[in-house]
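All remarks here apply to the structure that follows.
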Amino acid sequence: MRVRFAPSPTGELHLGGLRTALFDYLWAKHTGGTFILRIEDTDQKRYDAKSLESLMRGLRWLGLEWDEGPDVGGPHAPYIQTERAAIYQQHAEMLLEKGAAYRCYCTAERLDEMREEQRRTNQTTGYDRRCRHLSPTERAEREAAGLSSVVRLAVPTEGKTTFTDLIRGDITVDNRQLQDEVLLKSDGLPTYHLAAMVDDHLMEISHVLRGEEWLSTAPIHKLVAEAFGWELPVLVHLPVILDPSGKGKMSKRKKVVEGKEYLALVHEFISAGYLPDAMFNFLTNVGWNYDPAVEIFEREEAIERFDISQINPKAAALPYDKLDWLNGQYIRQLTPTALKEQLVPILSKQLKIAPAKLLADNRLDILVPQIQERLKRLDEAVEWIDWAFKDADEIVYDDPSLLLGRKLDAAQSIAVLEDGAAVLRTIEPFLPDEIQAAFRERADALDVKAGGYFGPFRAAISGKKVSPPLFESMQALGRDEVLRRVQRGVEELAKMG
RNA sequence: GCCCCCAUCGUCUAGUGGUUAGGACACGGGCCUUUCAAGCCCGCGACAGGGGUUCGAAUCCCCUUGGGGGUACCA
């Protein structure tokens with residue numbers, strides 16, 4: 001089977017596009033077929049030069065390597081439509097000769113006025129086919145005058161057109177609902193209706209998976225294919241992905257719903273520290289389902305089971321909470337070393353420490369295993385461990401009351417810190433188990449709950465209410481640094497008096 | 001306005017005439033526990049409504065309602 005992903009380079013790729021590409025990829029790999037990347041850049045006005053690179057980066061991030069495409073080549077090159085302009089022009093000419101299409105000389109202004117009038121009088125909007133009925137003389141006059149023109153499809157004015165969508169079945173529309181769509185624009189470049197049909201045919205595409213927004217123009221595509229005498233590929237219209245609010249098609253803008261910010265663009269998910277495996281798993285289960293009893297699966301397993309005929313036609317909102325949960329699952333599957341390596345580039349930017357230096361930092365080796373089960377995204381790591389990379393005097397106690405042990409007042413909390421400091425000064429070796437045993441003993445001796453005894457230390461060390469486990473945190477800092485921070489905690493508490 | 005598509009817990013979904021309508025996330029509770037997590041256990045929670053067809057409908061048909069998409073010399 002031959003399957004293509006055919007995006008327009010008009011901006012950043014969002015998750016809806018990535019999901020389409022993923023399903024293309026899954027179907028190609030499932031059938032042992034070919035996954036093709038084709039760039040539909042025929043809209044010069046919306047073209048964005050940067051988006052092609054970003055698009056390819058996004059696809060490769062997810063692991064969707066294409067077998068044929070702009071950079072890798074292939075038997076049907078070129079794979080960028082503007083480089084194929086002559087092909088479309090020739091095909092438009094073929095339809096013109098057959099009488100299946102005609103030249104239209106109407107100006108944009110006339111078209112606008114016509115539509116406005118139609119809307120005002122509550123008529124269905126659409127081209128009035130004025131140029132379809134031009135006499136040969138009139139046509140010759142316009143050509144002689146050098147008027148610019150477009151090529152329009154001559155849609156049958158009666159009858160019905162039926163096409164098949166694999167997941168929805170046969171769909172029939174009345175031809176009177178259809179318009180004489182523009183196939184070739186006045187700049188000589190084709191519209192989607194021409195370019196995609198020509199390329200799908202020439203590139204021998206067997207299955208077209210595309211967004212549901214194409215469903216209403218599918219009859220046009222059927223008519224274009226018929227005009228050429230071609231068979232349409234199998235059409236599969238994937239349900240649109242809805243905004244997190246469940247209202248409307250997902251936009252490329254970050255969406256804030258109930259105070260929470262939702263990402264939409266692939267590059268945003270990459271920099272937030274979502275793992276490609278988690279995203280692959282996540283997207284596979286929106287619109288399709290691997291197995292209702294299995295949430296986590298391997299790519300190979302998904303490829304083996306994937307079936308386009310089981311795609312759900314219902315538009316869906318992305319379950320973002322589930323993505324976070326899945327990402328956490330995949331983070332926990334990583335070895336600590338692998339996690340550390342993934343974390344370093346992100347932490348390096350956030351902490352402003354050179355990657356090589358971070359990689360060699362002992363503190364990271366101790367702390368990473370401690371935060372592994374606490375992370376949902378990699379970009380959260382910094383909040384867990386930033387305190388470890390500061391100097392004692394950089395720790396800010398925004399809320400000094402955090403230094404109070406549970407059920408203890410300031411004086412008692414100071415007593416606890418000083419009591420523990422004495423232990424910390426002498427204990428050997430300075431390791432988590434040893435420190436913990438000693439602290440528990442001291443808590444008993446002072447008749448304080450372990451949690452109440454530990455609390456002031458946690459706050460003194462990190463400046464935070466929530467932190468990684470206390471004794472590993474101490475190990476990471478080292479004895480001297482811990483003692484400095486404990487002293488600072490005592491001073492802060494003394495101010496509370 | 002017109003055309004097309006869709007409709008199971010809050011969300012993602014399983015279900016293709018006979019199920020106590022299943023799972024996951026989220027949420028609530030409990031256990032564990034040095035904070036927070038993770039993990040384990042329990043719970044809450046859905047067939048949009050109305051007509052048919054049938055011995056029997058979440059499943060088939062129709063209508064209503066709701067949602068979505070399209071209505072460009074954009075894709």
Side-chain angles (χ1 to χ4, degrees), chain A residues 6-10 40-46 104 106-108 111-112 115 118-119 121-127 148-152 165 168 171-174 176-179 181-187 189-193 195-196 210-219 237 239-240 242 244 246-249 282 285-296 312-326 328-329 332 370-376 384 402 406 436 439-440 443 449-455 457-459 462 464-471:
Chain A
S8 290
T10 55
E40 310 215 324
D41 59 344
T42 56
D43 185 346
Q44 296 295 284
K45 291 190 268 307
R46 293 200 306 153
C104 167
C106 293
T107 62
L111 261 19
D112 286 344
R115 256 191 300 274
Q118 287 167 338
R119 260 192 276 270
T121 54
N122 228 351
Q123 299 175 66
T124 300
T125 55
Y127 180 54
S148 79
S149 65
V150 301
V151 175
R152 287 183 184 270
D165 175 279
R168 281 166 258 258
I171 295 170
T172 300
V173 295
D174 196 311
R176 281 169 295 206
Q177 296 297 334
L178 269 22
Q179 295 199 44
E181 298 286 348
V182 171
L183 300 178
L184 200 67
K185 298 180 275 190
S186 56
D187 65 1
L189 287 172
T191 60
Y192 176 93
H193 308 309
R210 54 164 28 169
E212 192 182 349
E213 63 270 21
W214 292 110
L215 200 57
S216 53
T217 44
H237 292 94
V240 294
L242 268 18
K247 298 265 299 173
K249 196 160 73 158
F282 173 69
N285 265 345
V286 177
W288 185 70
N289 189 254
Y290 173 75
D291 179 336
V294 177
E295 294 301 327
I296 310 233
N312 188 339
K314 191 184 119 179
L318 294 173
Y320 282 83
D321 284 336
K322 197 160 187 172
L323 172 61
D324 282 349
W325 174 79
L326 262 176
Q329 295 289 319
R332 270 165 250 137
Q370 303 305 319
I371 63 171
Q372 183 158 17
E373 68 195 28
R374 284 160 239 267
L375 295 180
K376 281 187 157 63
W384 282 101
L402 294 179
R406 198 164 14 155
Q436 174 162 197
F439 267 43
R440 286 187 185 281
K449 290 249 195 209
Y453 192 94
F454 299 170
F457 289 92
R458 180 185 309 284
S462 66
K464 300 182 189 214
K465 183 181 181 187
V466 173
S467 79
L470 180 60
F471 305 106

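In the text below, chain A, chain B and the rest are named by the order of the sequence lines, each starting its count at 1. From a predicted model like this one, the values you see are computed outputs, not experimental measurements.
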Can you build the contact string for nucleotides 19-25 of chain B? Use B for base contact, S for sugar-phosphate-only contact, and - for no protein heavy atom under 4.0 Å. ---BBBS

Check whether more than 12 heavy atoms from other residues, nucleotides or ligands sit under 6.0 Å from atom NZ of A:Lys185, and answer yes or no. yes

B:rG67 and B:rC12: how far apart are their P atoms, nearest whole angstrom? 16 Å

Mind checking the C1' distance from B:rC47 to B:rC40? Whole angstroms is fine. 31 Å

A:Gln123: side chain to side chain donor-acceptor pair (under 3.5 Å) partners, not counting sequence neighbours: A:Thr121

Between B:rA38, B:rC2, B:rC5, which nucleotide gets closest to the side-chain atoms of A:Gln177? B:rC2

Do A:Ser467 and B:rC36 share a donor-acceptor pair, side chain to base, under 3.5 Å? no

Please evaluate residues A:Leu215 and A:Ile171 with respect to the criterion side-chain contact (heavy atoms from CB on, under 4.5 Å), reporting the C-alpha separation (whole Å), side-chain torsions for both, the decisive distance (0.1 Å), and the verdict. CA-CA 9 Å; A:Leu215 200 57; A:Ile171 295 170; 4.1 Å; yes

Nearest 0.5 Å please: distance from the OG1 atom of A:Thr10 over to the CG atom of A:Asp43. 8.0 Å

Neighbour count >12 (heavy atoms, 6.0 Å) for atom CZ, A:Arg176: no

Tell me whether the OP1 or OP2 atom of B:rC6 has a side-chain N or O from A:Arg168 closer than 4.0 Å. no

Walking RNA chain B from its 5' end, the first of A:Thr217 and A:Leu375 to be reached, judged by nearest nucleotide, is A:Leu375

Could you check which of B:rC74, B:rA38, B:rU34 has an atom nearest any side-chain atom of A:Gln436? B:rU34

Calculate the interatomic distance between A:Leu215 atom CG and B:rA75 atom P; express it in whole Å. 19 Å

B:rG22 versus B:rU34 - spacing of their P atoms, nearest Å: 38 Å

For the atom pair OG (A:Ser467) and CD1 (A:Ile371), what is the distance rounded to the nearest 0.5 Å? 11.5 Å

With the side chain defined as heavy atoms from C-beta on, A:Lys314 is closest, among B:rU8, B:rA75, B:rC36, to B:rU8

note: A:Ile371, atom CD1; B:rU34, atom P; distance rounded to Å ~ 21 Å

Closest-nucleotide 5' rank along RNA chain B - winner of A:Leu470 and A:His193: A:Leu470

Can you tell me, in whole Å, how much space there is between the C1' of B:rC44 and that of B:rA7? 24 Å

According to a strict under-4.0 Å criterion, is A:Lys185 in side-chain N/O contact with OP1 or OP2 of B:rC74? yes

Nearest to the A:Lys249 side chain among B:rA14, B:rC3, B:rG69, which nucleotide is it? B:rG69

Can you tell which of B:rC5, B:rU35, B:rG70 lies closest to the side chain of A:Arg374? B:rU35

The nucleotide from B:rU34, B:rA72, B:rC5 with an atom nearest the side chain of A:Arg115 is B:rA72

Phosphate contact (B:rA75 OP1 or OP2) by A:Thr42 side-chain N/O below 4.0 Å: yes

Just compare B:rC5, B:rA75, B:rG1 and give me whichever is closest to any side-chain atom of A:Asp43. B:rA75

Measuring only the P atom in each nucleotide, how far is B:rA48 from B:rC6? A whole number of Å is fine. 15 Å

Closer than 4.0 Å, any side-chain N/O of A:Lys376 to the OP1 or OP2 of B:rA38? yes

Between B:rG51 and B:rC4, how far is it from one P atom to the other, in whole Å? 27 Å

Atom pair distance, as rounded to whole Å: CG in A:Asn312 and P in B:rU11: 14 Å

What is the separation between atom CG on A:Leu242 and atom C1' on B:rC12, rounded to the nearest whole Å? 12 Å

Drop me the distance from A:Phe471's CZ to A:Arg458's CZ, to the nearest 0.5 angstrom. 8.5 Å

Roughly how far, to the nearest 0.5 Å, is the CG atom of A:Leu318 from the CG atom of A:Asn285? 12.0 Å

What pairs with A:Arg210 under side-chain contact (heavy atoms from CB on, under 4.5 Å), at least two apart in sequence or on another chain? A:Tyr192, A:Met197, A:Val208, A:Trp214, A:Ala218, A:His221, A:Leu235, A:His237

To the nearest 0.5 Å, what is the distance between OG1 on A:Thr125 and CG on A:Leu111? 11.0 Å

B:rC62 versus B:rU71 - spacing of their P atoms, nearest Å: 27 Å

Quick one: is B:rC73 close enough that its OP1 or OP2 comes under 4.0 Å of any side-chain N or O from A:Arg152? yes

Counting just side-chain N and O atoms, does A:Thr121 come under 4.0 Å of either OP1 or OP2 of B:rG1? no

What's the NE2-P distance between A:His237 and B:rA75, to the nearest Å? 16 Å

B:rA72 to B:rC3 separation - P atoms, rounded to the nearest Å: 16 Å

Could you tell me how far apart A:Phe471 (CZ) and B:rU35 (C1') are, to the nearest whole angstrom? 11 Å

Measure OH/A:Tyr453 against C1'/B:rU34 and give the value in whole Å, please. 13 Å

Specify the separation, in whole Å, of atom CZ of A:Arg119 and atom C1' of B:rU71. 9 Å

